[in-house]
Amino acid sequence: MKFFWKVFLSTLFTAVFAFSAGSFLLIDSQFRSSFSKEVEAAYTENSLLRRSLHRELETLQETYSYKGVPASQYEADGAPASALLRAAALSVSGSISGGTLPFRLCTAEGNPVFSQLPSPSSGLIAGLTPESQGYVLVSSGHSHTLHIAGPLILGEKTYYLENTREVSDLFQSRDSLYRTFLLLTLALAAICAVLSFFLSLRLTRPVEILSAATRKLAQGDLSRRAEVRSKDELGGLAEDFNAMASQLEQNVQELKKEARRREEFTASFAHELKTPLTSMIGYADLLRSRSLGEKDTVLCANYIFEEGRRLEALSMKLMELIVLQKQAFPLRRILASQLFSRVEAAVRPSMEIAGARFSVVCEEAELPLEPDLMQTVCINLLDNARKSLGQNGAVTLLGHWGPEDSYTIAVQDNGKGIPAEDLNKITEPFYMVDKSRARAQGGAGLGLSLCRSIVLLHGGELTFESTPGKGTLAAVHLKEVNRFES
């Protein structure tokens with residue numbers, strides 16, 4: 001069953017059931033209260049009749065005694081006693097209500113002594129004791145009558161006085177209320193059906209919208225969002241769905257970008273391999289198939305050597321990047337001046353060939369490093385700085401103390417700089433700010449990613465500050481550094 005019908009039927013059933021149960025209990029409670037009052041009124045009438053009959057008998061006894069009739073004659077179970085009871089009952093019936101309160105006077109065996117009731121005995125007397133009174137409801141068609149019986153003790157003999165009370169109006173009133181209640185229930189059910197239908201539409205509409213958005217999302221439309229129409233739980237669910245869809249779209253976009261970068265890297269790496277390999281094969285074939293002069297032979301061999309070294313360096317960078325993601329390296333303490341000397345010796349020739357002014361400024365410290373890896377970081381940063389230089393280029397390798405016993409190794413240049421939108425991406429694998437320049441200078445977008453991995457192995461941080469057209473500052477921040485004591 002659809003959620004719409006669940007909401008519709010449950011709302012309709014709840015409303016109709018609540019109204020029906022409440023109305024039925026109210027009518028039943030009112031009827032029981034009225035019926036109890038009728039029973040009490042009938043008991044009161046019965047008590048009144050018995051007291052009046054008792055007083056009337058006493059009066060008649062005094063009258064008979066005055067006339068000299070022996071008490072044994074009207075106390076015996078004979079005609080005079082019965083006549084006396086009938087006379088007393090007739091007098092009570094006429095004097096109290098003018099005949100409007102008919103009653104029946106019976107012996108304990110149920111034999112009537114005096115009766116004004118048209119209906120036969122209800123059999124109520126057979127279940128009573130001399131100390132109790134009771135009632136029974138006699139129904140016949142649409143007629144409902146209360147029969148009340150109470151004991152009347154005369155000497156050693158017990159009689160029962162039985163009176164009736166018509167309560168048909170009470171039952172008719174209840175039946176009329178039930179009919180009215182039924183009509184109101186039907187009317188309420190119709191009204192509730194209409195209201196529940198529109199309420200269910202309103203409640204389930206956000207769910208349908210969310211379901212449609214989910215289907216679109218599953219079909220690949222990552223830009224689809226659910227409309228938020230309220231601030232309740234359904235609105236919160238729609239907002240959560242939109243947040244999830246936005247995050248999913250962002251993740252997919254990142255995956256697509258990463259896939260494109262890897263495709264670009266694969267194309268670049270294939271180009272890097274194909275071009276020098278083709279040249280190397282061509283020069284090697286030239287050396288094999290022809291007799292060249294000494295100068296041409298040296299040129300061919302040098303080209304093959306240089307291209308081979310470049311391919312070796314590229315392959316090693318890939319291997320180092322893979323290895324660094326899988327293992328840790330032991331660190332040992334080395335003086336900053338020793339590290340800087342080794343780096344300077346490695347890069348100064350290339351700086352001089354590029355015509356760059358290269359300087360080294362170092363504050364002494366004892367650094368916890370893996371020397372070869374940190375040297376790779378410094379050389380990569382200096383090589384990037386050299387590649388970014390124009391005319392009158394200058395590069396400085398700095399080493400200085402920072403706050404809280406930290407030490408910073410920085411490379412400052414006055415080159416082209418890096419755009420702000422690229423600063424947070426330059427350490428990603430295969431990312432190149434200027435692809436054509438990087439490829440022309442032998443790059444593949446792995447140098448800074450390798451540097452970041454090495455710095456993280458040292459528990460440090462690699463940061464960049466750059467202004468396009470003015471230069472870049474790349475800094476490695478190391479912790480747990482000891483000040484050198486000579």
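Because the structure is predicted, anything quoted here is derived from the model rather than measured.
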**OP:** With side chain to side chain contact (heavy atoms under 4.5 Å, CB included) as the test, would you mind laying out the steps for Leu195 and Ile191 before giving the verdict?
**Re:** CA-CA 6 Å; Leu195 294 179; Ile191 296 173; 3.9 Å; yes
Subject >> Non-hydrogen side-chain atoms of Leu369 and Leu331 separated by less than 4.5 Å >> reply: no
Original post:
Nearest 0.5 Å, what's the CZ-CG distance between Arg452 and Leu462?
Top reply: 9.0 Å
Subject >> Leu367 vs Arg333 side-chain heavy atoms within contact, under 4.5 Å >> reply: no
Original post:
If you look at every heavy atom in Leu124 and His147, which pair is closest and at what distance?
Top reply: CD2-O, 3.4 Å
**OP:** Answer yes if the side chains of Thr44 and Ser47 hold a donor-acceptor pair under 3.5 Å, and no otherwise.
**Re:** no
**OP:** State, with a plain yes or no, whether a side-chain heavy atom of Arg342 is found less than 4.5 Å away from one of Ile334.
**Re:** yes
Original post:
Is Gln253 atom CD crowded by more than 12 heavy atoms from other residues, nucleotides or ligands, each under 6.0 Å away?
Top reply: yes
**OP:** Start with the C-alpha distance between Ser466 and Thr472, add both sets of side-chain angles, then the distance that settles side chain to side chain donor-acceptor pair (under 3.5 Å), and finish with yes or no.
**Re:** CA-CA 4 Å; Ser466 184; Thr472 302; 2.9 Å; yes
**OP:** Would you check, one step at a time, whether the test side chain to side chain donor-acceptor pair (under 3.5 Å) holds for His144 with Ser168?
**Re:** CA-CA 5 Å; His144 302 275; Ser168 299; 5.7 Å; no
Check: residues 17-32 side-chain donor-acceptor pairs under 3.5 Å, at least two apart:
unit_1, atom_1, unit_2, atom_2, d
Ser20, OG, Val16, O, 2.7
Ser23, OG, Phe19, O, 2.9
Asp28, OD2, Arg32, NE, 2.8

Subject >> Verdict with reasoning, Glu45 to Ile148, per side chain to side chain contact (heavy atoms under 4.5 Å, CB included) >> reply: CA-CA 9 Å; Glu45 291 173 353; Ile148 308 295; over 6 Å; no
**OP:** Apply the side-chain contact (heavy atoms from CB on, under 4.5 Å) test between Cys451 and each candidate in Asn380, Ile379, Leu456; give the one that qualifies.
**Re:** Asn380
Original post:
For residues Thr145 and Thr164, is any side-chain donor paired with an opposing acceptor at under 3.5 Å?
Top reply: no
Original post:
Just one of Asp383, Asn384, Leu381, Leu382 clears the side-chain contact (heavy atoms from CB on, under 4.5 Å) bar with Val395, so which one?
Top reply: Leu382
Subject >> Test side-chain contact (heavy atoms from CB on, under 4.5 Å) applied to His400 and Ile409, Val361, Thr408, the passing residue >> reply: Thr408
Original post:
Looking at side-chain heavy atoms only, is the closest gap between Val360 and Leu398 below 4.5 Å?
Top reply: no
**OP:** Answer whether the closest heavy-atom distance between the side chains of Asp413 and Ser388 falls below 4.5 Å.
**Re:** yes
Subject >> Check ion pair Arg332-Glu370 (N to O, under 4.0 angstrom) >> reply: no
**OP:** Compare all side-chain heavy atoms of Phe171 with those of Leu137 and state whether any distance is below 4.5 angstrom.
**Re:** yes
Original post:
Is the OH atom of Tyr135 crowded by more than 12 outside heavy atoms at less than 6.0 Å?
Top reply: no
Original post:
Got Val411 and Thr396 here, is their nearest side-chain heavy-atom distance under 4.5 Å?
Top reply: no
**OP:** Output, in order, the C-alpha distance, side-chain angles, deciding distance and verdict of side chain to side chain contact (heavy atoms under 4.5 Å, CB included) for Gln247 and Met244.
**Re:** CA-CA 5 Å; Gln247 186 62 44; Met244 179 196 70; 5.8 Å; no
**OP:** Report yes if some heavy atom in the side chain of Glu461 is under 4.5 Å from a heavy atom in the side chain of Thr463; otherwise report no.
**Re:** yes
Original post:
Within the distance-only criterion (no hydrogens, no angle test), does the side chain of Ser143 pair as donor or acceptor with the backbone N or O of Ser140 below 3.5 angstrom?
Top reply: no
